[in-house]
Amino acid sequence: MKIKKLNIGILLFVLVGVLPFAAAFIYALLYSFGIIGVANNGFTLQFWKSVITSGTFFKSFGYSFLIALVAVVISVGSALWITSKFRQQLEKRFMSFIIYLPLAIPGIVTGFFTFQLFSKGGFFARISHKLGFITEASQFPDLVNDGLAIGIIFSFITMITPFFVLLFLNVYKNERVEELSLLAQSLGANANQITQRVFLPILIKKTWVLIMLYFIFLLGAYEVPLILGQESPQMLSVLIIQEIKQYDLDKISEGYVVAVLYTLIVSVAAILLFLPKRKRPYAN
Amino acid sequence: MQINWKPFVLSLVVLLILFPFVYLVFLSLASEWRFPDVWPSYIGFRNWVTVFSSEVGLLKSFFSSLLISLLVAVFSTTSGFLISKAVFYHPKKRILTLLAYFPYILAPVVFAACLSFFFLKMGLFGNTTGVVVAQFIIAFPYALLFFSSFWNEKVKSYEDLVATLGGNKWQTYIKVLLPLAKGLILICFFQTFLISWFEYGLTSIIGIGKVQTLTIKVFLFIKEANYYYGALSCCLLIFPPVVLLYFNKRYVFKKFV
């Protein structure tokens with residue numbers, strides 16, 4: 001009877017948690033090979049060849065990868081620095097609420113806010129004009145919809161740094177880094193040694209799965225690059241949706257090729273991250 | 001004499017955190033704020049009055065978002081809690097957990113684009129039910145994985161104890177499991193509510209613009225270059241989570257942190 005009940009639970013899990021993903025992947029795969037789709041006439045490798053030879057996917061993937069990497073490295077670095085320097089202050093009553101506030105701001109609002117600050121007619125352009133640095137809006141540097149993705153990276157950093165600060169504060173407390181640091185100090189370690197041998201290894205080791213997870217989330221981010229990105233290259237999700245929503249029917253199939261490639265990369269990352277058996281207290 | 005720089009940096013951090021909230025409220029109160037003016041030519045409640053007289057349907061979007069998010073949070077938290085028990089007590093739980101991670105880490109907008117055909121066939125395209133179902137599909141793996149740490153040997157031994165003392169399954173849930181998981185359930189409800197409340201890409205694909213949640217409205221106003229209403233929509237989008245965060249942190253996080 002118990003086994004039967006567990007099986008109903010597993011059946012529901014497969015129905016809600018596995019089936020939609022499998023159906024979406026198979027649909028995209030069949031579409032990418034021309035087996036299904038409005039204008040497709042059966043199996044063909046044409047769309048895969050087209051995507052691979054044009055290099056659109058690789059360019060977009062490389063671009064997304066670099067943006068996500070820069071944003072994660074800066075965010076994790078900043079969060080570690082804030083945790084090491086301001087831990088005691090951040091645990092006080094007022095600050096302990098304030099640091100949660102950025103979690104209430106979604107990606108679309110961050111994108112909109114960044115645009116309002118850094119666009120050519122935005123807040124900083126007005127200040128620059130007032131201070132006499134520029135005389136026209138066009139003289140203000142390209143900080144949004146720009147080639148270097150400064151706006152996107154800025155938004156990503158402001159979105160994820162507060163989360164990492166909260167995470168590191170939590171790990172610091174739970175892993176008793178304070179006590180271990182005192183122990184190291186009493187054994188003769190200096191401040192740098194404590195940071196390099198105690199603080200950083202513990203915090204990074206305990207949270208690296210989550211750091212990787214956030215890297216993957218940023219790789220597939222949609223709202224922020226939609227508002228702050230440029231025409232080409234685009235971040236992966238924006239590229240996929242733009243291709244799938246095209247009126248050019250060949251492009252739709254090519255969009256599904258990119259979607260399949262992206263799903264495969266993300267799935268392989270999930271397998272590498274979550275299949276090996278290890279203790280991951282902060283993974284969820 | 002060494003200057004203590006920490007209070008200055010901390011004050012700067014507080015200002016930087018509060019700045020977006022203040023700026024968005026300010027922008028929502030402004031009108032006719034053209035470059036290069038540093039101060040808008042109008043500051044007042046005109047935009048808010050217009051919204052509350054429902055000219056632009058923002059209030060409707062607010063309640064629509066609220067309904068969708070509440071439904072998604074209730075369904076995903078309940079099903080996540082109940083189904084996670086079967087998954088995390090299963091001998092193959094590592095493989096099952098991995099399967100749950102696939103939809104969890106895939107970009108929701110890409111997931112929705114690949115699923116849209118099935119939603120169209122099931123009549124779930126362009127309506128609220130479809131958006132709730134689609135958001136539930138992405139919130140469920142989160143809820144399921146969230147409860148992974150709850151189902152452990154200690155909880156199992158409590159269940160066995162209830163059974164030994166003659167309690168039935170219903171009593172196990174009501175008297176033991178739910179009280180034990182109360183804090184986690186609240187956090188999960190809050191998180192899944194936020195997943196739905198903040199969702200844009202998936203809602204735009206499955207709702208095809210017909211289901212106008214607040215995030216959809218924000219994007220519409222950005223496209224129309226109506227930044228004042230855009231800021232107002234942003235205020236409606238971020239202030240409910242701030243209130244939730246306050247209560248959530250005060251009553252729930254305290255027990256865990």
Side-chain angles (χ1 to χ4, degrees), chain A residues 6 8-10 12-13 16-18 20-21 23-25 27-28 85-86 89 95 97-109 112-113 116 121 123 125-127 129-130 137 170 173 213 216-217 220-223 227 237 240-241 244 259 262-263 266-267 269-271 274-275 277 284, chain B residues 6 9-10 14 17-18 20-21 23-24 27 35-38 79 82-83 85-87 89-90 94 96-103 105-107 109-111 113-115 117-118 137 140-141 144-146 148-149 198 200-201 205 215 218-219 222 227 230 234 237-238 241-242 245-246 249 257:
Chain A
L6 276 179
I8 291 167
I10 298 299
L12 286 171
F13 166 70
V16 186
V18 182
F21 179 80
F25 183 71
Y27 178 78
K85 299 289 177 196
F86 301 101
Q89 288 85 348
M95 283 307 292
F97 173 64
I98 287 286
I99 54 168
Y100 274 87
L101 282 181
L103 301 186
I105 303 179
I108 196 162
V109 175
F112 173 69
F113 177 67
Q116 285 300 312
F123 179 76
R126 290 163 200 265
I127 302 281
H129 185 274
K130 188 77 179 169
N170 205 15
K173 199 183 278 179
L213 209 53
I216 295 169
F217 288 151
Y222 181 63
E223 291 93 335
I227 297 170
S237 291
I240 292 167
I241 299 306
I244 288 175
Y262 163 71
T263 310
V266 164
S267 304
I271 292 168
F274 300 109
L275 197 58
K277 201 175 183 180
N284 299 320
Chain B
K6 282 188 179 177
V9 178
L10 264 183
V14 173
I17 290 173
L18 294 178
F21 296 92
Y23 189 84
L24 288 171
L27 190 60
F35 184 86
D37 300 341
V38 177
S79 57
L82 296 174
I83 296 173
K85 187 183 174 191
V87 170
Y89 281 165
H90 197 273
R94 275 178 62 220
L96 296 173
T97 312
L98 178 69
L99 290 174
Y101 270 110
F102 289 143
I105 64 175
L106 190 69
V109 68
V110 178
F111 198 7
C114 298
L115 272 178
F117 167 79
F118 301 101
I137 288 171
F140 169 74
L144 185 107
L145 293 165
F146 184 87
S148 64
S149 58
F198 290 164
Y200 168 74
I205 299 277
T215 49
V218 170
F219 198 74
I222 295 171
Y227 300 129
C234 287
L237 199 58
I238 59 180
V242 169
L245 260 177
Y246 179 75
K249 192 178 155 8
V257 178

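Just so we're on the same page: letters track the sequence lines, and every chain starts at 1.
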TODO: Nearest 0.5 Å please: distance from the CZ atom of A:Phe86 over to the CG atom of B:Leu10.
DONE: 5.0 Å

Open item on the list: If you count heavy atoms of other groups shown closer than 6.0 angstrom to NZ of B:Lys6, is the number above 12?
Closed with: yes

Open item on the list: Testing the basics here: between A:Gly121 and B:Phe35, what is the closest heavy-atom pair and its distance to 0.1 Å?
Closed with: CA-CD1, 3.9 Å

Task: Flag side-chain contact, heavy atom, 4.5 Å: A:Ile105 against B:Pro20 - done: yes

Open item on the list: Tell me the closest heavy-atom pair linking A:His129 and B:Pro36, and the distance in Å.
Closed with: ND1-CB, 3.3 Å

Open item on the list: Once rounded to the nearest 0.5 Å, what's the spacing between atom CZ of B:Phe198 and atom CG of A:Leu103?
Closed with: 8.5 Å

- [ ] Of all the heavy-atom pairs spanning A:Pro106 and B:Leu237, show the shortest one and how long it is.
- [x] CG-CD2, 3.8 Å

Open item on the list: For A:Ile241 versus B:Ala113, what's the shortest heavy-atom pair and its separation?
Closed with: CD1-CB, 3.7 Å

- [ ] Over all heavy atoms of both residues, which pair between B:Ile238 and A:Ala104 is shortest? Give the atoms and the distance, please.
- [x] CG2-O, 3.3 Å

Task: Parallel, tilted or perpendicular: rings of A:Phe13 and B:Phe140 (30°, 60°) - done: tilted

Task: Aromatic ring pairing A:Tyr27/B:Phe117, orientation class (parallel under 30°, perpendicular over 60°, tilted between) - done: parallel

TODO: Could you list the residues that satisfy ring pair (Phe, Tyr, Trp, His ring centres under 6.0 Å) with A:Phe123, not counting sequence neighbours?
DONE: B:Phe19, B:Tyr23

Open item on the list: Give me the atom names and distance for the closest heavy-atom approach of B:Leu115 to A:Pro20.
Closed with: CD2-O, 3.5 Å

Open item on the list: Please determine whether side-chain contact (heavy atoms from CB on, under 4.5 Å) holds for the pair A:Phe112 and B:Leu27, giving the CA-CA distance in whole Å, both sets of side-chain angles, and the decisive distance to 0.1 Å.
Closed with: CA-CA 12 Å; A:Phe112 173 69; B:Leu27 190 60; 4.0 Å; yes

TODO: State, yes or no, whether a side-chain contact exists between B:Phe219 and A:Ile108 at a heavy-atom distance under 4.5 Å.
DONE: yes

Task: Heavy-atom side-chain contact between A:Ile271 and B:Phe102 under 4.5 Å - done: yes

Open item on the list: Show, in sequence, the C-alpha distance, side-chain angles and deciding distance for B:Val109 and A:Glu223, and conclude whether the side-chain contact (heavy atoms from CB on, under 4.5 Å) test is met.
Closed with: CA-CA 9 Å; B:Val109 68; A:Glu223 291 93 335; over 6 Å; no

Task: Spacing of OH belonging to A:Tyr222 relative to CD1 belonging to B:Ile205, to within rounding of 0.5 Å - done: 5.5 Å

Task: CG-CG distance between B:Leu18 and A:Leu101, expressed to the nearest 0.5 angstrom - done: 6.5 Å

Open item on the list: Any heavy-atom pair between the side chains of B:Ser79 and A:Val16 that's under 4.5 Å?
Closed with: no

Task: Separation between OH of B:Tyr200 and CD1 of A:Ile227, rounded to the nearest 0.5 Å - done: 8.0 Å

TODO: Taking the side chain as every heavy atom from C-beta outward, state whether B:Val110 and A:Ile244 have any atom pair closer than 4.5 Å.
DONE: no

TODO: Would you please name every residue forming a side chain to side chain donor-acceptor pair (under 3.5 Å) with B:Thr215, sequence neighbours left out?
DONE: B:Thr213

Open item on the list: Could you walk me through whether A:Tyr262 and B:Leu106 satisfy the side-chain contact (heavy atoms from CB on, under 4.5 Å) test, starting with their C-alpha distance in whole Å, then the side-chain angles of each, then the deciding distance to 0.1 Å, before giving a yes or no?
Closed with: CA-CA 9 Å; A:Tyr262 163 71; B:Leu106 190 69; 3.4 Å; yes

